[in-house]
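To find a chain, count down the sequence lines: A is the first, B the second, and so on, and within it residues start at 1.
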Amino acid sequence: MAKTAEALKRVVLGRPMSSGELGHTLLPKSIALPVFSSDPLSSNAYATQEAMIVLSLAGAAGLAMIVPVSIAVAALLFIVVTSYRETVKAYPTGGGAYRVAHENLGMYPGLLAASALLIDYVLTVSVSITAGVEAMVSASEALGPYKIGLAFAFIAFVTLMNLRGVKESGTLFAIPTYGFVLAIYLMIVTGIVKCLGGGCPEAESARHMADLHLETAVSYVLLLRAFAAGTTALTGVEAIADGVPAFRYPQSKNAATTLLIMAALSTSMFLGISWLADGTNVVFTEHPPGQRTVVAQIAAAVFEGGPMFYVVQIMSTAILILAANTAYQDFPRLSSILAKDRYMPRQFMNRGDRLVFSNGVIILALLSGLLIYVFDANLTQLIQLYLVGVFISFTLSQTGMVVRGRRLRPPGWQRSALISGFGGTVTGIVLVVIAYSKFAKGAWIVIASIPVVMFAMRSVYVHYKDVADQLGHPARRPTDRRPGNAHFVILVNRVDSATARAVGYARSTRAADITAVTFDSANHGPWRRLAPDIPLQTLTGRKTEALLTNLREKRSNLGSDDFLTVMTPEILRSRGLFEIVRRPGLHRLKAVLVREPDVQVLDIPILRDDIDPEVDQAHEPGRNHVIVLISGVHNAMLQATEYAETLRPTDIRAVSFGLEPEETEKLGDQWLEARVPHPLEIEESPFRDLGISLERYLDRFNPDGVNKVVTIVIPEFIVRKRRHQILHGQTALIVKRRMLFESGVVVVSVPYHL
Amino acid sequence: MTFLSELVEKLARPAQDIRAEHLREWANSVPGTIPIADVQCRCRCKIAGVIQNVRIDPREGSGSIEATIDDGSGRLVVKWLGRQKLSGIGLGNGLILEGTIGEGRGKQLQVLNPDYQLIPAPEHG
């Protein structure tokens, strides 16, 4: 059954990749271009018409301004791209707006850029997918009722492709992107040839030119608004700057070249479409009865409705769907950077089976799906939320580059500061125009949520910093290296083989004090036969309270180096997760115990099949190998090591799993510096699954639980506020779940209360 | 049905096995080396492998550092005595070493203070 599930997963997602294969997923320029620019290129499918909607308010005289407005947009695109080329060169490790703003302008501008971008990536997915679905629906109206379903299906498809990994999805996405570019170019060239030959074809809507309702005269305000609407052509420029690390070497140079190619393609397509829209006299207004898109009208006019018209339409639909992919590259990457900088939960840093930041991919899919659902897949409403985030990030990023230039003064900084300063000013003005003209129509939602996201990220940061400070605090660092004494309390549910093993284990540690507690007085008889030397006390009243009172009393008599441990022996009927939920009472009790200061919880599970009635009579294991699982050198880990010493084991070692190669030496140095008198092992975890790696590691011990036991000690952070627990790795849970069914393995949590 | 179960078997093949195969191919491509599985005790031989475990022991004298390497056919412990830091000995790095192979802790193949050379790890490692 498990095998079939695994096989199915491989068919859908592909084979798990080892961390060493990471370098293999770097993209050549020819693939990076479609992966990162499907968004800016696809916006050509609607950028011209967005500007025309505004211009049409001034009638024919307004529409005649489309070419100058488009030239202005194209010029802005070139300014921004030129500026971003400098950024890419200055930040070879990925110079998204967040990095640049955070480094040069400070934390809050950085967070502003980050939250604006994250929100915009979600919108990119929602808007592009909805636009693609809209295009499909206008081709075949029968699909109308299934809009949301179709949108979800597309999201699921793009999500799956991205969970498979960058490179494969890149190859797949290259076809529609290049296809779209070629189709549009063919349309533009054919159109230009026809127009220059004197026979410029008329678009189907040209006859409406005369009956345009004049709402306003051509004014600077109108032109500015049209310009702002046309700037959708700029979305996604950010993606390349953010994605430098995904490029092949030399990364900066390749990324800068790709940016230039993207800008050249995008502006030429945009200008060509606008020029033809003017030449063929397309009319496009806000509330059209059965109006086709500008690109569709031009294509129909130029190709006279031939098969090429359909090619253009199909390619437009395809690239719109795939534009969402840009965000799928960027959202997970930005969230991993934010997680590394401790502004987002660290889980966003984990790479999944296919070396993708899977958590980011999944969160993005959920959020954009939710947005589509809430807005009922309505494009006109969704598009109003768009663009604010992009221009916030452009402005911050370019301002950041000016500040950086003035601060570091690299050669030629005046020139690039001038470019960035100019770009920043222009994008700043556009930002104001966009926010103003779209505020009431929906942009307020974005403007209101940005501070919320910023606040959340700041809280995460404050929490992580607080934890790091406490873990490194010298006053709480255990210094006395003389091992203290172990004190055990055995929680007797029934007197059985598991309890017998617990007794044997406790005795083998030469503990200062072993007692037993039970809630059932019927256990006294069998207990006297098992361990007459250990007192058994029956607790009455509410179980949890009674146990805690008992433990607190014992704890008050403890020496300063001593540790109090509750042992929870249990017999498992079979391997399988069902066993975990079978006894909810015990697990609730353990959860309470872990939160109790200075009490360690030691699990002694035994599988019913492993019980040997001959030896399971409180037999002391001859050898006990202790493994302290560590993730870094800090107070919690030092405390866990001290605890391990009180068990008087055969040997103690600290083991760290799955570090990046370059972190290996750093951890080694810290270990030597902390002067812990035990060996440290750093073990690889090629498939980034702690459970599997740990199982493989235990193979070399081959414990039987009777003569040889392996004890896994897990330092566990216990945070004051329960909701903060989500910000910490679930290492303890993963290990406990996996190790429950390993025979001869005992797991202890050593909680460190923050 | 056998076809189906074979397919499932093939698809669900542990990722470790696939990786071990990649490692074997890679190690074979390094000239002059022999697979760890073919090593006889007390022989002097040349071996290529990828570092999978690094162990620092601050207790023994002036300390020791150990690296466990894997070439897809077996594992071998490389031990450098009397030092605690060795640059380049990091997880996932490739290592070519030449020395006399003996037995260490737990009958594990072990080589002491060998001549070694760091090489880039295999792309699929």
Side-chain angles (χ1 to χ4, degrees), chain A residues 1-12 14-25 353 651-687 689 692-693 696-697 700-702, chain B residues 4-23 26 49-60 62-70 72 75 77 79 83-94 104-108 118 120-125:
Chain A
M1 206 37 220
K3 242 179 195 166
T4 318
E6 176 67 24
L8 211 62
K9 188 177 158 206
R10 298 261 179 105
V11 171
V12 179
R15 153 187 83 78
M17 291 163 89
S18 70
S19 304
E21 289 177 79
L22 188 58
H24 211 58
T25 53
D353 274 356
D651 63 11
I652 299 178
R653 70 188 67 191
V655 183
S656 170
F657 282 93
L659 279 183
E660 300 281 325
E662 56 274 17
E663 290 171 52
T664 328
E665 273 179 66
K666 210 173 95 192
L667 184 66
D669 289 348
Q670 286 172 347
W671 185 260
L672 294 172
E673 209 174 291
R675 304 189 163 278
V676 188
H678 304 290
L680 164 73
E681 282 187 26
I682 304 165
E683 172 89 0
E684 63 157 14
S685 179
F687 298 98
D689 183 325
I692 293 176
S693 307
R696 226 174 53 137
Y697 186 82
R700 61 187 80 163
F701 291 102
N702 204 10
Chain B
L4 210 64
S5 60
E6 265 169 34
L7 186 73
V8 165
E9 197 67 35
K10 200 176 160 191
L11 275 168
R13 200 173 149 217
Q16 271 103 336
D17 292 3
I18 300 173
R19 180 162 177 259
E21 204 172 275
H22 287 310
L23 276 180
W26 169 82
V50 172
I51 300 176
Q52 299 202 322
N53 177 304
V54 177
R55 181 184 164 107
I56 303 169
D57 201 330
R59 297 170 307 177
E60 302 175 13
S62 47
S64 75
I65 184 162
E66 279 176 36
T68 306
I69 63 164
D70 190 332
R75 288 156 163 263
V77 175
K79 190 165 183 171
R83 43 201 314 188
Q84 297 189 320
K85 275 184 208 180
L86 221 47
S87 55
I89 302 301
L91 291 185
N93 285 344
R105 229 178 320 117
K107 304 243 172 212
Q108 175 89 44
L118 286 164
E123 233 176 28
H124 289 286

Side chain, backbone, both or neither: which part of B/Ile65 has a non-hydrogen atom closer than 4.5 Å to chain A?
neither
Contacting region of A/Leu680 [heavy-atom separation from chain B under 4.5 Å]:
both
Would you please test B/Arg19 and A/Glu684 for salt bridge (Lys or Arg N to Asp or Glu O under 4.0 Å) and show each step?
CA-CA 13 Å; B/Arg19 180 162 177 259; A/Glu684 63 157 14; 3.0 Å; yes
Looking only at heavy atoms, the pair that brings B/Pro58 and A/His678 closest together is CD-O, 3.4 Å
Can you give me the closest heavy-atom contact between B/Leu91 and A/Ile682, atom names plus distance?
CD2-O, 3.5 Å
Electrostatic pair B/Glu66-A/Arg653, nearest N-O below 4.0 angstrom:
no
Measure the shortest side-chain to side-chain distance between B/Asn53 and A/Arg700 over non-hydrogen atoms and say whether it is less than 4.5 angstrom.
yes
